[in-house]
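Computed from a predicted structure; not experimentally measured. Keep in mind that the numbers below use all heavy atoms, side chains included, and drop hydrogens, waters and symmetry copies.
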Amino acid sequence: MKIQSICCLGAGYVGGPTMAMIAAKCPDIQVTVADLNEARIAAWNSDTLPVYEPGLDAIVASAVGKNLHFTTDIRSAIAAADLIFVSVGTPTKSYGIGAGRAADLRYIESAARLIAEVSEGHKIIVEKSTIPVKTATAIKSILAANSPHGATFQVLSNPEFLAEGTAVEDLECPDRILIGGETTPEGHAAVEALASVYAKWIPRDRILTTNLWSSELSKLVANAFLAQRISSINSISALCEATGADVDEVARAIGMDSRIGPKFLKASVGFGGSCFQKDILNLVYLCESFNLPHVSEYWRQVVHLNDWQKSRFVEKIVRTLYNTVNGKRIAILGFAFKKDTNDTRESPAIQVCRDLLHERAHLAIYDPRVSAENIREDLMIAGVPRELIESNVEVCSDAYAATENAHAIATLTEWDEFRALDLARIFELMLKPAFVFDGRGILSLDSLKAHGFDAFAIGKGF
Ligand code: NAD
Ligand code: UDX
């Protein structure tokens, strides 16, 4: 089966960039990204894309209007497609059975029902969203029970491994593409049809095919292992602060062991992003459901440690500032969950700011890509009362405005521009003693000290 027309349900951080890359690499395939959210689709069709990713504008511009289309006409997009990616959100369930752990699959289910209702002929349905193992069974059963036009389907799993901030390079040159399918001749044919799309720009030896369940599970396990490395080094960061060891030196020393490797060993105020916590909790819930309490408890600790890391950072600030931050101006540098993205989902900055606001600090927040509106909304959703946000939160247009008259600075995102700050100027602007709490280990403690700051960094202490 040769794929000529692709549709993707969900124009978010995954659907938009992934389909833009497919369209750019496969000019002979029509790619339509469909979403219920009109504002999001309008933004994809404008000069200001809803997702900030280095290099993305050029990829979208190269294909949009030619073979890449963004639409809210979901039905027509489904009807025209040979292959449909489902890239809708799968957030942690906040109600009922499994609340706080299980994945909320309502968007997946409604997408499957709509596909069944609209489709004719034969279509390949691809799970791009991250979902619990065995979701393909649910999708298949919904499709089979609800197809008025007698359509037939093959369901594949093709999890996405891109990281935000590096999405374009990750999509252009991925470590691997994973495709899971049924072990039947029809399943193999569907896997091959999707593989041949990716093979337009990705070497065949990096396109891995497995059965459905291995593919679905591998995505959760990959994120769990990555997050586990961060919680592991963050646990050691506390020990480094207590002993005088330097966490970056420890990370370098252990990372040179080729069995351990150097990546994902940067201690931080905690991991954020829409995936790690959600996917580990999803894994925890799966293990509970399969009656594996030891396994679920093991992975739950990765999230516990991450929560503790964020709260101990706040505690460090409060204790150092003579046990009170009430009325004190604290400059927050960075609000996104990592650099090079405008995404703030599960950003550690949200919890840190919330807890500092509960201590009645005045926050002067600066992030180069996150809007004031977004910051205020995140804090509100995190439970900070509107009046407290209005009275105690100022969103600044640069780092210097934020640090003026501040008692302390907390760096919460590793934006490159923070590495190049004029420390002498900032020291002049701040109240004394001028405290710095580097939650990302991006500022040189020696240089801060030389400029007169009292500086603390995660995993290095004062
Ligand atoms: P997102 O919230 O940015 O986008 C999801 C979009 O789906 C929304 O715009 C929503 O309006 C739309 N949607 C919901 N129901 C729909 C329907 N029936 N038809 C059409 N559109 C519908 O989410 P995201 O960050 O793109 O993540 C999507 C999936 O990919 C999740 O399962 C996530 O775990 C996974 N994932 C995300 C990342 C990442 O870096 N963000 C990486 C890998 C995997
Ligand atoms: C992650 C996975 O990396 C990606 O493969 C998957 O598809 C989606 O989830 P993402 O969340 O976008 O990607 O970014 P990532 O680079 O993994 O960073 C996640 C969080 O961990 C960020 O808050 C980051 O700052 C933090 N982090 C990362 C550390 O604190 N230390 C590190 O060494 C690496």
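- In summary, the side chains of N158 and Y198 do present a donor paired with an acceptor at a separation below 3.5 Å, with no hydrogens or angles considered.
- Using bins of under 30°, 30° to 60° and over 60° for the plane-to-plane angle, the ring pair W44/F70 lands in the parallel bin.
- Electrostatic pairing of K266 and E414 does not count as a salt bridge here, judged by no charged N lying under 4.0 Å from a carboxylate O.
- Between I350 and L379, the shortest heavy-atom distance links the atoms O-CD2, 4.1 Å.
- A donor-acceptor contact under 3.5 angstrom links the side chains of Y366 and E417, judged on distance only.
- Between the side chain of D438 and the backbone N or O of I442 there is at least one donor-acceptor pair closer than 3.5 Å.
- Electrostatic pairing of K339 and E164 does not count as a salt bridge here, judged by no charged N lying under 4.0 Å from a carboxylate O.
- In this structure, R113 does not pair ionically with E117, as no charged nitrogen and carboxylate oxygen lie closer than 4.0 Å.
- In this structure, a donor-acceptor pair under 3.5 Å is present between the side chains of D73 and S76.
- A112 and I139 get closest at one heavy-atom pair: CB-CG2, 4.3 Å.
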key: Step-by-step salt bridge (charged side-chain N to carboxylate O under 4.0 Å, His left out) determination, K200 to D28   = CA-CA 11 Å; K200 296 263 170 62; D28 54 331; 3.6 Å; yes
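- When each of T90, N223, T130, D104 is paired with K278, the side-chain hydrogen bond (donor to acceptor under 3.5 Å, both in side chains) condition holds for T90 and for no other.
- Residues V86 and V126 have side chains not in contact (no heavy-atom distance under 4.5 Å, counting atoms from C-beta outward).
- A side-chain hydrogen bond (donor to acceptor under 3.5 Å, both in side chains) with Q309 is found for one member of S237, S231, S235 and no other, namely S237.
- Relative to the ring axis of F337, R345 does not place its NZ or CZ within 45° and under 6.0 Å from the centre.
- Between Y285 and F290 the shortest side-chain heavy-atom distance does not fall below 4.5 Å.
- Aromatic ring orientation, F437 versus F313: perpendicular (interplanar angle above 60°, classes split at 30° and 60°).
- Side-chain polar atoms of T152 and H122 form a donor-acceptor pair below 3.5 angstrom.
- Salt bridge status for K338 with D343: absent, with no side-chain N to carboxylate O gap under 4.0 Å.
- In this structure the side chain of M21 reaches within 4.5 angstrom of the side chain of V168, judged on heavy atoms.
- Using modelled atom types and a 3.5 Å distance limit, the side chains of D57 and Y52 yield no donor-acceptor pair.
- In this structure, R229 forms no cation-pi arrangement with F264, as its terminal cationic atom is not both closer than 6.0 Å to the ring centre and no more than 45° off the ring axis.
- A salt bridge does not link E315 with R312: none of the charged nitrogens is closer than 4.0 Å to a carboxylate oxygen.
- Looking at S119, its side chain never comes within 3.5 Å of a backbone N or O of A116 through a donor-acceptor pair.
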